[in-house]
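Indexing begins at 1, ligand by ligand and atom by atom, following the structure's order.
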Amino acid sequence: MACMGLLSPVHAAVLTVETPNTQLILDATEGQQLALLYYGDKSATLDDIANSQQLTTNGQSPAYPAFGDIDMIHLPALQVQHADGDLSLNLRVAQVEQQQNVNYQLSIINLRDKLQPVTVRVYYKAWKNVDIIETWTEIEHQEKSPITLKRFDSGYLHIGEGDNVWLTHLHGDWAAEAVVTHEPLTRGLKVIRNTDGARNAHLDAPELMLSLDGAPEENTGRVIGAALCWNGNFELRLNAPNNSGIHFYAGIDPQSSEYILAPTANGQKPKANTFTTPHLALTYSTSGMGGVSRAFHRWARTCGYLHNGNGTRDVLLNSWEGIYFDITEQRIIDMMNDIAAFGGELFVMDDGWFGDKYPRNDDSSSLGDWVVDTRKLPNGLQALTEAAKERHIKFGIWIEPEAVNTVSELYEQHPDWALQVPGRELKLGRGGTQLVLDMTNPKVQDFVFNMVDELLTRNPYISYIKWDANASIQNLGHILTAQRSNSRKGGLTSNSAAVNNLYIDYHLGLLAVLERIRAKYPDIVIQNCASGGGRANYGLMPYFDEFWVSDNNDALQRVFIQWGTSYFFPSNAMAQHIGGSPYQMTNRVIPIKFRCDVAMSGRLGIELQPKHMTDEERLQCTIALADYKALRPIIQLGNLYRLNAPQSYQPVSSQSAPAKQDVAALMYVTDDKKEAVVFAYSLSNFMKQAPQRIRFAGLDPEKVYTLEEKNIRVQYNHTKNAWDAGEPCSLHGKQFTGAYLMSAGLILPLCTEYTQDFPSRIFYLK
Ligand code: GLA
């Protein structure tokens, strides 16, 4: 841990917040509004900025616009309703402090309202090793009664008039996550939000990019990236109301969730009168979308936003799509034998292992009853962990701690622990019986912590947890919440206050439990799963080592899903599994080589029943795992360059659908540029199809690289009457300079040498 520097007061009017290549410049004159003067690269001098007319119409742009301060045609980032009903704030700079740390510089600007006892502290944390600035605020009041936070964004940015701004964001669904959308920003208000309550990345996701030089490019152009570090409801707003450019706001969605902030007067908790917004991570790159992605990846890995961020992940077999709920001791041990034989390192037992009075045979019961179903596993978990140990593999297990089924012993004992509205019919989720536990209840928090704690203390060989979350918050209005919230927050007296706060306090409760778990179990690997990628966000990833990218393991669709996910998340966080064929969701038949190659570009795993595999599949998987383990540090920790998008992101006009590309290609390069791994996937295969040239990126132009093909496709040996190692392609062993690979590029043998659908290649460069 870096030692903390002291906060020192700063008296200069101009405050510069800087990272290695970017700067954010503020006017923090005491007694004035805090103004944002500039966010961009370091080429701009203070004179340039002062002489520039590219600010707002009045020449200044507030850094954190409050209702009451700003012109009413603009949207506020902050609006509170004071105890007396007043809706306004006039925030003025009272004090500025800075702290230098080995890893970052922290700037805190204290703003005070001119009338009411409200203080707002705006934070900027600028990292020294990566171009990321985190911003957030603390809102504190000394009013005699509660105040209501009606709008409380984490951050705000103003992009002046004159740029051709395009928005890139991810939209998706269950089994179709992270579809990339690129669109020009036009006049009016664009809102990206998610109101699931418990997860926030399946439909709209809390990250975006803003390309300032027109349609986005992968390696060129000025691009701002933003990621809201929050797992709950959010709203990203882009407003272009007049000729004042684009105003970007990011924060918690206040719908049904205006936050009631207690007075300190009778509160037992000293901070009850203070609300801290989630952090908003901002980056600015002059190297296109790729530069933004690499900044987020480096920040996640090195600045605490991905648990064990610099570590590599094991290769695993997960039981779900192989056997679903049909768990037996023998089946699990058979699967462990299979993953050990493939050269894997970890076996994960998914859903279906628990339930006593109500066995978990399908998704309609048992969540909450975290006891081994001894009908399926007569010798308990211990027999399984012993078996794993004997096979020299690790053991992992699935849980869904925040959920309960109405058909469960937990629900029979504590019906009030589930979020519900007394007197109203329950809205039920998965299996027709699923509810979400009330994570604001300290008893529920203890229950969840103790469940995990007992699982891990009783079974010390468990080294991996798959933490699932398959339900959204559907029932908002529990009366008991109010009583608990009273004691917790001190001074809130009404149920409506507690219900208002529930969408937020749920997540604060969850984070408190995760804190406790991580304090005791820093080394357990925990996967963040939510019906696939429903919780891929930086609110939770500090506690998790990886996330399940999607429930959809169809390798063709995975190329697209993984592509979009890589915009913001690093490859060692992305769990990618080799699925069966024909694939159960899409019925698509995909050769094993392509399925392996697609899964190998992130954290590799297998998700099928090995018993059903052909000899060809088994041999290809064994080769894939061996090659992957050798290349793992490059793939999991290297710098990502996306080379050829599966879909062109340059629409011919904004009306037309993006053109499909035939080849998707990406590569990872080590920091020292000495090694790289290239993945290329052909998405269509026609006779006489025109080949595509792939230009590499991120290499050392001077260096001569040797190409080695990896995970070479196996072939049938008619002499041996068996599947055998295949022959590498014509590029294997060839040498090229980095300069040539990046400027001329190569035509990779994809369409020409294969007669089978879905050709793909992996090359190691050294
Ligand atoms: C969710 C997960 C799956 C699997 C099932 C088990 O859908 O995303 O991977 O664990 O739950 O019920």
Student: Within the distance-only criterion (no hydrogens, no angle test), does the side chain of Thr328 pair as donor or acceptor with the backbone N or O of Arg331 below 3.5 angstrom?
Tutor: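 Side chain of Thr328 to backbone of Arg331: a pair is present.
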Student: Does His577 have any ring pair (Phe, Tyr, Trp, His ring centres under 6.0 Å) partners at least two apart in sequence or in another chain, and if so, which?
Tutor: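 With sequence neighbours excluded, His577 shows a ring pair (Phe, Tyr, Trp, His ring centres under 6.0 Å) to Trp548, given in chain and number order.
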Student: Can you name the residues that come within less than 4.0 Å of ligand 1, going by heavy atoms only?
Tutor: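 Under the 4.0 Å cut-off, ligand 1 touches Trp320, Asp350, Asp351, Trp398, Arg430, Lys466, Asp468, Asn470, Cys529, Ser531, Gly532, Trp548, Asp551.
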Student: So, taking the atom named CG in Asp373 and the one named NZ in Lys357, what distance separates them when rounded to the nearest 0.5 Å?
Tutor: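 So the gap between those two atoms works out to 15.0 Å.
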Student: With sequence neighbours left out, what residues match Asp615 under salt bridge (charged side-chain N to carboxylate O under 4.0 Å, His left out)?
Tutor: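 By the salt bridge (charged side-chain N to carboxylate O under 4.0 Å, His left out) rule, Asp615 matches no residue at all.
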Student: Return yes if a side-chain donor-acceptor contact under 3.5 Å exists between Glu546 and Asn528, otherwise no.
Tutor: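 Per modelled atom types, Glu546 and Asn528 side chains form no pair under 3.5 Å.
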Student: Got a sec, which residues hit side-chain hydrogen bond (donor to acceptor under 3.5 Å, both in side chains) with Gln620, two or more places apart in sequence or on another chain?
Tutor: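 By the side-chain hydrogen bond (donor to acceptor under 3.5 Å, both in side chains) rule, Gln620 matches Asn711.
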